[in-house]
Amino acid sequence: MIWNETIECMNREEMRKLQSIRLRRIVEHAYHNSPFYRKKMQEMGITPDDIHSIDDIVKLPFTVKQDLRDNYPFGLMAVPMSEIVRLHASSGTTGKPIVVGYTRKDLSIWSEVVARCLTAYGLTKNDSVQVSYGYGLFTGGLGAHGGVENIGGTVIPMSSGNTQKQIQLMHDFGAKGLACTPSYALYLAETIHSSGIPLEEFKLRVGAFGAEPWTENMRKELESKLNIKAYDIYGLTEICGPGVGGECECQNGTHLWEDHFFPEIVDPVTLQPVEPGQHGELVFTTLTKEGMPMIRYRTRDLTHLIYEKCECGRTAVRMGRILGRSDDMLIIRGVNVFPSQVESVILELPEFEPHYLIVVDRVNNTDTFQIQVEVRQECYSDEMNKMIALKKKIANRMQSVIGLQPDIKIVEPRSIERSMGKAKHVIDNRKLE
Ligand code: ADP
Ligand code: K
Ligand code: ZN
């Protein structure tokens, strides 16, 4: 099933025409209604008249997170506040949060794109979906919520937390879909297994997981633990929230809804567009957003784009898995390390639980690199030799994947903190210096 076949399966030439019309319109809107963008464009010596087609997008200035901070809270709004009907903000682990405002139309587009995702996962109005993303300023909860209502499904607005109750109601209400972070899905799975309720008594079939990077190995883990199909949903507050893209039944890339959010991949250093299909930083331009248009917004997410038509019939461009945010990349003894690489290795090895914590520090001018990981109860042993062999096994595998030998600390099952939202996988004590 396809929610909006005309758009999702539009041929590329027509899509580019549509994007061209919309780009011109959004640039006009931003230029005339947002002093921030007008100033930026004037500094580059361009006006909306320089934009003829989507190819001209490269003439436009980039926007970065710092621009949102510098203009906190409402400096980037391009409509009067009377037109803004909703605010959201991202967690903003450092400094001021990022605030975004939506008009009525922006909200309806958001629920349209989430509806496309949910339909691609096979959900319909006959299904109920438990939304276990946090509700509130975070876009996850209300974003997924709007999409479920739009397809006519039954929303179970749980928000995150209260894990025992989540399990109980998921069971009693017969939720077919679960929308939450992959980390929380893992925690919910663990809780179901220890609850003693047989998995067969749950109607769960579909996971809509996102808001943080996750790996193919994590997908396999969640699918087998919950007996579901686990699909990716991608988004970020600055662009609208979850639903900027979603996977289809092929599970072979995340379709981006490029009639609303135009994606580019640029080299994060030179900021030049990369060759088609190459990896780089994902950049979005919102083609229809009224409240707070984003022009060439640098996401910091590293991925690549796939332009071939998908087996599912959709032509909408696909994005490969996100390796991580460039901000999350650790440089340890000169080697680039992504938490997702560590996750992937841990999930390959059956002796370990899929929970881990990376601890980095600097001792005597040298970086230390520790990975704490839980060993499965069945694999735990009092015999030193066995534990040492296990440590060696995982350390060697890390060495071959990352190119760096970590110090492995095996910890007791359930000792690493579980996450109900975005998991925190890294403690970098070097930053405290
Ligand atoms: P914050 O920046 O505070 O985390 P957001 O909720 O806006 O706030 O986070 C958006 C970011 O989350 C994205 O830029 C991306 O790094 C990450 N993200 C969201 N969905 C996914 C996904 N499906 N896969 C990988 N990363 C994701
Ligand atoms: K996120
Ligand atoms: Zn597809």
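When a ligand or atom number is given, it counts from 1 through the structure's own listing order.
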Near K65 (heavy-atom distance under 4.0 Å), the atoms of ligand 1 are 2 (O)

Charged N to carboxylate O below 4.0 Å: is that the case for K39 and E43?
yes

Using a strict 4.0 Å cut-off to heavy atoms of G235, name the atoms of ligand 1 that fall inside it.
10 (C), 13 (C), 19 (C), 20 (N)

Please confirm whether R321 comes under 4.0 Å of ligand 1, counting heavy atoms of the residue only.
no

Check each heavy atom of I233 against ligand 1 and say whether those closer than 4.0 Å belong to the side chain, the backbone, both or neither.
backbone

Using distance alone, decide if ligand 1 has a nitrogen or oxygen within less than 3.5 Å of any nitrogen or oxygen in I322.
no

Which segment of L236 sits under 4.0 Å of ligand 1 when only heavy atoms are counted
both

Using a distance-only test with no angle check, is there a side-chain donor-acceptor pair under 3.5 angstrom linking S344 and N217?
yes

Main-chain N/O of T63 paired to D67 side chain as donor or acceptor, under 3.5 Å:
no

Do any N/O atoms on D232 end up under 3.5 angstrom from N/O atoms on ligand 1?
yes

Just jot down the ligand 1 atoms closer than 4.0 angstrom to any heavy atom of F138, in number order.
6 (O)

With atoms numbered from 1 as shown, which atoms in ligand 1 lie under 4.0 angstrom from a non-hydrogen atom of G210?
23 (N)

Is there a donor-acceptor pair closer than 3.5 Å between any side-chain N or O of E264 and the backbone N or O of R296?
no

Hey, is M319 one of the residues with a heavy atom under 4.0 angstrom from ligand 1?
no

With a cut-off of 2.8 Å, does C312 put an N/O/S atom close enough to the Zn ion (ligand 3)?
yes

On the 0 to 90° scale, with breaks at 30° and 60°, tag the F209-W214 ring pair as parallel, tilted or perpendicular.
perpendicular

Which of these passes side-chain contact (heavy atoms from CB on, under 4.5 Å) with Y234: I239, T303, T299?
T299

Between R298 (side chain) and F62 (backbone), is there a donor-acceptor pair under 3.5 Å?
no

When only distance counts, is T237 in polar contact with ligand 1, meaning an N/O pair under 3.5 Å?
yes

Within the structure provided, determine whether N429 and V359 are in side-chain contact (heavy-atom separation under 4.5 Å).
yes

